[in-house]
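One structure below.
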Amino acid sequence: MVLAPSLYAWVAHAEGRDPEPSLATAAKDPVANRFATEARTLIAAAPRRQPLAIGVSRLLARLASDLAAGEPSPLSIALTQAALRADSRYDSARILLADALARNRIVDRALTVLDEVDPKGAFAAAAAAERVEILANADRDGEALAAAKNRVDQADAEPADWQRYADLLLTTGNPAEAATWYRRIITADGANGGSWGLWLQYGGALDQAGRWPEARDALEKAVARGPAQPLALNYLGFAQVEHGDDIPASIRLLERASRLDPANASITDSLGWAYHLAGDTARALPLLERAGQGDPANAEIGDHLGDAYWTVGRQYEARYAWRAALLTAEPSDTARLTAKIANGLPPKARR
């Protein structure tokens, strides 16, 4: 049993004996040795003759944490419940239990468990973050937003809390407010001035909020801080193409992104779309076809591919691509796609 060396070590510690001989027996088993290494650290920091129940609680919670990385399992719930029976004050296990319950779709019970975390204890912030994640994953967006807002309003809120709130605002359709919080995170980064990823998120939120000049400036900063980051290059290049800004420069950005990540279907699509809008559909079409093969459920790629087919006179294939795109398109795009399927691509249309 992989836990045996650690368990015997906790027994030895509780009885005032040296735990090291028990821990040493784990050396030949990599999994047992990993648990033993952690137990060695915990025992070293523990009070003399700490009750055995606390050691057992830590062991069971650690095993449950490992299991949580895999598929949802009732075993994770059983282990964390056992850890709490061994030490009812162990709020870290309580958060693990809430996560295990939520992953098994027992959401309301998970939230009740989080209510039991000491609001003034060391795990209060972690419990608040877990609550937001559970609610968001359960598609209870209003409650998730309220919980995230409650957390950022606390005096001890940190950039990680702001990030969580901003991400939720963005995914629930409030990019302008999300941009405010992303900017706050960048400002809090002080002398570092924000990573390329932060500037990318900030620029993306501004773009979605209809503030393109500000968005372009932020996205350029993202590229300046991450010149070899294909995501930053792709976003700026594609956004400039969509806004009709300097297509040749945008193509150069997208070509760099494609060289860095040639297997990325979205980047391949962006480059193909830029070539198409620049009037070189013959060069665009193989890229758009490759992107479609790489991500056949991507409605935007199918839409672009249909436009390119129509432009070169392959109308049957164009309608097929648009119909495929319609299957996974956002509701806001269905009317436009349906019109294309019925009437074809309007003359001089950009898409």
Side-chain angles (χ1 to χ4, degrees), residues 105 107 132-149 164-182 200-212 214-215 219 231 234-244 264-270 272-274 276-277 284 288-289 291-311 315-351:
R105 301 187 180 184
V107 174
V132 174
E133 183 174 349
I134 286 172
L135 289 167
N137 289 340
D139 296 325
R140 292 163 63 167
D141 292 338
E143 293 171 85
L145 276 169
K149 181 64 166 62
R164 195 174 297 108
Y165 184 46
D167 292 347
L168 266 175
L169 287 166
L170 192 64
T171 58
T172 55
N174 193 347
E177 184 65 13
T180 300
W181 287 92
Y182 288 133
L200 179 62
Q201 288 185 305
Y202 178 48
L206 289 169
D207 186 25
Q208 291 184 43
R211 295 158 58 182
W212 170 239
E214 296 169 83
L219 293 169
L231 291 179
N234 180 63
Y235 198 118
L236 176 58
F238 185 76
Q240 286 186 159
V241 166
E242 288 290 272
H243 289 280
N264 188 307
S266 292
I267 293 175
T268 303
D269 168 68
S270 296
W273 185 238
H276 170 69
L277 292 183
L288 295 172
E289 288 176 329
Q293 291 166 0
D295 191 358
N298 189 308
E300 186 171 43
I301 293 175
D303 189 8
H304 292 167
L305 181 57
D307 285 17
Y309 278 141
W310 188 274
T311 300
Q315 297 179 357
Y316 177 83
E317 290 160 289
R319 286 193 167 95
Y320 183 88
W322 289 328
R323 287 192 184 97
L326 190 59
L327 295 175
T328 56
E330 295 293 327
S332 57
D333 292 325
T334 55
R336 180 174 54 79
L337 284 165
T338 301
K340 284 184 182 182
I341 293 166
N343 306 313
L345 190 66
K348 299 183 180 180
R350 292 184 73 246
R351 58 183 306 168

Interatomic distance, [X] atom [atom1] to [Y] atom [atom2] [nearest 0.5 angstrom]:
X: Lys149; Y: Leu169; atom1: NZ; atom2: CG; value: 9.5 Å
X: Leu145; Y: Thr171; atom1: CG; atom2: OG1; value: 7.5 Å
X: Asp139; Y: Glu143; atom1: CG; atom2: CD; value: 11.5 Å
X: Leu231; Y: Ile267; atom1: CG; atom2: CD1; value: 6.0 Å
X: Asn174; Y: Thr172; atom1: CG; atom2: OG1; value: 6.5 Å
X: Glu289; Y: Glu317; atom1: CD; atom2: CD; value: 7.5 Å

Should [X] and [Y] count as side-chain neighbours, where that means a heavy-atom distance under 4.5 Å?
X: Thr328; Y: Asn298; value: no
X: Lys340; Y: Asp307; value: yes
X: Trp273; Y: Glu242; value: yes
X: Asp207; Y: Glu214; value: no
X: Glu177; Y: Leu170; value: no
X: Leu288; Y: Ile301; value: no

Distance only, no hydrogens: is a donor on one side chain within 3.5 Å (strictly under) of an acceptor on the other, for Asn234 and Ser270?
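Per modelled atom types, Asn234 and Ser270 side chains form a pair under 3.5 Å.
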Okay, side chain of Thr268, backbone of Ala291: is any donor-acceptor separation there less than 3.5 Å?
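Pair absent, no side-chain N/O of Thr268 close to backbone of Ala291.
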Taking only Lys NZ, Arg NE, NH1 and NH2, and the carboxylate oxygens of Asp or Glu, determine whether Arg336 and Asp333 approach each other closer than 4.0 Å.
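Here Arg336 pairs with Asp333 in a salt bridge, since their nearest N and O are under 4.0 Å apart.
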Looking at every heavy atom in both [X] and [Y], which two are closest together, and how far apart are they?
X: Gly204; Y: Leu219; value: N-CD2, 4.1 Å
X: Pro175; Y: Ala205; value: CB-O, 3.4 Å
X: Asp141; Y: Ala136; value: OD1-O, 4.3 Å
X: Gly344; Y: Arg319; value: N-NH2, 3.9 Å
X: Leu345; Y: Trp322; value: N-CH2, 3.8 Å
X: Gly306; Y: Ala318; value: O-CB, 3.2 Å

Could you tell me which residues satisfy ring pair (Phe, Tyr, Trp, His ring centres under 6.0 Å) with Tyr309, sequence neighbours excluded, listed by chain and number?
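For Tyr309 there are no ring pair (Phe, Tyr, Trp, His ring centres under 6.0 Å) partners, ignoring immediate neighbours.
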List in chain and number order the residues that pass ring pair (Phe, Tyr, Trp, His ring centres under 6.0 Å) with Tyr202, two or more places apart in sequence or in another chain; answer none if no residue qualifies.
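With neighbours one apart ignored, the set is Trp199.
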Is the His243 ring parallel, tilted or perpendicular to the Trp212 ring (thresholds 30°, 60°)?
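If you compare the ring of His243 with that of Trp212, the planes turn out parallel.
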